Chemist: 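I have a structure I would like to understand better, so I am pasting it below and will then ask my questions one at a time.
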Amino acid sequence: MTPVRGSALERADLLGDPVDVAPWLLNKILVRGDRAGRIVEVEAYRGESDAASHAFRGLRPRNAVMYGPPGHLYVYFTYGMHWCANVVCWPEGRAGAVLIRALSPLEGLGAMRAVRPAARRDRDLCNGPAKLCQALGITKDDDGVDLLAPLRRRRGRDTVGATASVPIRLIDDRTPPPARPGRGTRIGISVATEVPWRFWVRGDESVSR
DNA sequence: CTTTGGATCGTCT
DNA sequence: GACGATCCAAAGG
C-alpha cells in the first residue's frame, strides 16, 4: 500500500469560524502512524455562543484545549465508554472546534479491523465519531496534540497495541473540498438542534447513518 | 432494512 | 443524582 502523501495544513486556515472551517476540512486526511483516513463528515461547534458546545458554559478543565491555539486536537470522553475528536479553531483564547464525525479509511485497514471487531464491513470502520477514534486509537492521551507539528523521523512501528506515542497529523493531499457538500443539522444533541452545522461529502459510503 | 434499549463513567448540577 | 457531540446487538418488518 502506498503511503499517503501530502503537506501539513496552514495554521492560518484554522483561525476562522468553525462553521467556515468545517466544510473546508472535508477531504483532508487524518494520519496516525500507518493508519489514515479521509475526512468525509464534520460538525462545527462555536464555543461560548453555541448552546450545544462543551464550551457553552465557559472554560473548564475538560474543554481547556478548545481555548488554546488552532490546529490542536480536542478529545473528550462520553457515554462512559467513547472518545471523540475535534480540530480546534479560532485564535487562542476563543473556544471553537470541528468534530470529526467520519473518515473514509485509506490505509492501515488491517490494524483498524483488529481494533474494531464489531465492524462487519470496511465502511463501518470509521463511520462515526467514536468509531474513528477507536480505529485510530485516539484517547485521552491525545487531547491537546498539535495536528500541524512537523513530522519527525518515524519512531517505530505502529502496532495494533500502544498508539499513545504515535503522532497524529492532519494533511492535505490536494484533494479539494467538495464544491457543494451535504449540509444539515447536527446529530446527537438536545439543544441548538436547528442550525445546519453538519457537513459531509455527498455519496461517500462512510458518512454516518 | 428500521427501531429499541442497555452499557458505563466523567462532568457538572 | 442526572445526563451525555455514541455504539451495538437484538428484535421486528
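Reminder, nothing fancy here: chain letters follow the sequence lines and each chain counts from 1. Since we're looking at a predicted model, the values are computed, not measured.
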Chemist: Find out whether Leu147(A) and Leu9(A) are in side-chain contact, i.e. whether some heavy atom of one side chain is under 4.5 Å from a heavy atom of the other.
Modeler: no
Chemist: Could you walk me through whether Trp24(A) and Leu14(A) satisfy the side-chain contact (heavy atoms from CB on, under 4.5 Å) test, starting with their C-alpha distance in whole Å, then the side-chain angles of each, then the deciding distance to 0.1 Å, before giving a yes or no?
Modeler: CA-CA 9 Å; Trp24(A) 180 83; Leu14(A) 301 171; 4.0 Å; yes
Chemist: Taking Asn86(A) for its side chain and Val88(A) for its backbone only, find out whether a donor-acceptor pair lies under 3.5 Å.
Modeler: no
Chemist: Sub-3.5 Å donor-acceptor pair from the side chain of Asp143(A) to the main-chain atoms of Lys140(A), do we have one?
Modeler: no
Chemist: Please give, in whole Å, the distance from dT6(C) C1' to Phe77(A) CZ?
Modeler: 11 Å
Chemist: Does anyone know the first and last nucleotide of DNA chain B in reach of chain A, 5' to 3', at under 4.0 angstrom to a heavy atom?
Modeler: dA7(B) to dT13(B)
Chemist: For the rings on His54(A) and Tyr45(A), is their centre-to-centre separation under 6.0 Å?
Modeler: no
Chemist: Hey, can you pull the donor-acceptor pairs under 3.5 Å for the side chains in residues 189-203 of chain A, sequence neighbours left out?
Modeler:
unit_1: Arg198(A); atom_1: NE; unit_2: Glu41(A); atom_2: OE2; d: 2.7
unit_1: Arg198(A); atom_1: NH2; unit_2: Glu41(A); atom_2: OE2; d: 3.0
unit_1: Arg202(A); atom_1: NE; unit_2: Arg180(A); atom_2: O; d: 3.2

Chemist: Do the side chain of Asp172(A) and the main chain of Ser7(A) share a donor and acceptor less than 3.5 angstrom apart?
Modeler: no
Chemist: Please answer whether the main-chain N or O of Pro18(A) pairs with a side-chain N or O of Arg46(A) as donor and acceptor at a distance below 3.5 Å.
Modeler: no
Chemist: Answer yes or no: does atom CZ of Arg11(A) have more than 12 heavy-atom neighbours from other residues, nucleotides or ligands under 6.0 Å?
Modeler: yes
Chemist: Between Arg186(A) and Glu43(A), is there a side-chain N and carboxylate O pair less than 4.0 Å apart?
Modeler: no
Chemist: Just the table, please: protein N/O against nucleotides 10-12 of chain C N/O, every pair under 3.5 Å.
Modeler:
none

Chemist: Could you grab the distance from atom CG of Leu30(A) to atom CG of Leu106(A), nearest 0.5 Å is fine?
Modeler: 10.5 Å
Chemist: Identify whether the distance between the nearest side-chain nitrogen and carboxylate oxygen of Asp204(A) and Arg38(A) falls below 4.0 Å.
Modeler: no
Chemist: Base, sugar-phosphate or nothing for Leu99(A)? Non-hydrogen atoms, less than 4.0 Å.
Modeler: base
Chemist: For DNA chain B, report each stem as range with range, ordered by first number, or say none. Use Watson-Crick or G-U wobble pairs under 3.5 Å, at least 3 in a row.
Modeler: B:1-7 with C:6-12, B:9-12 with C:1-4
Chemist: Using a strict heavy-atom distance below 4.0 Å, which residues from residues 41-68 of chain A are in contact with DNA chain B?
Modeler: Arg57(A), Arg60(A), Arg62(A)
Chemist: Under a 3.5 Å distance rule, please check whether Arg101(A) uses its side chain to pair with a backbone N or O of Ser208(A) as donor and acceptor.
Modeler: no
Chemist: Is the NZ or CZ atom of Arg62(A) both under 6.0 Å from the centre of the six-membered ring of Phe77(A) and within 45° of that ring's axis?
Modeler: no
Chemist: Just the atom pairs and distances: protein N or O near nucleotides 7-9 of chain C's N or O, under 3.5 Å.
Modeler:
unit_1: dC7(C); atom_1: OP1; unit_2: Pro129(A); atom_2: N; d: 3.3
unit_1: dC7(C); atom_1: OP1; unit_2: Ala130(A); atom_2: N; d: 2.9
unit_1: dC7(C); atom_1: OP1; unit_2: Lys131(A); atom_2: N; d: 3.1
unit_1: dC7(C); atom_1: O4'; unit_2: His82(A); atom_2: NE2; d: 3.2
unit_1: dC8(C); atom_1: OP1; unit_2: Arg116(A); atom_2: NH2; d: 2.1
unit_1: dC8(C); atom_1: OP2; unit_2: Arg116(A); atom_2: NH2; d: 3.4

Chemist: For the pair Asp173(A) (side chain) and Arg5(A) (backbone), establish whether a donor and an acceptor sit closer than 3.5 Å, ignoring hydrogens and angles.
Modeler: no
Chemist: Rounded to whole Å, please give me the gap between CZ in Arg198(A) and C1' in dA5(C).
Modeler: 12 Å
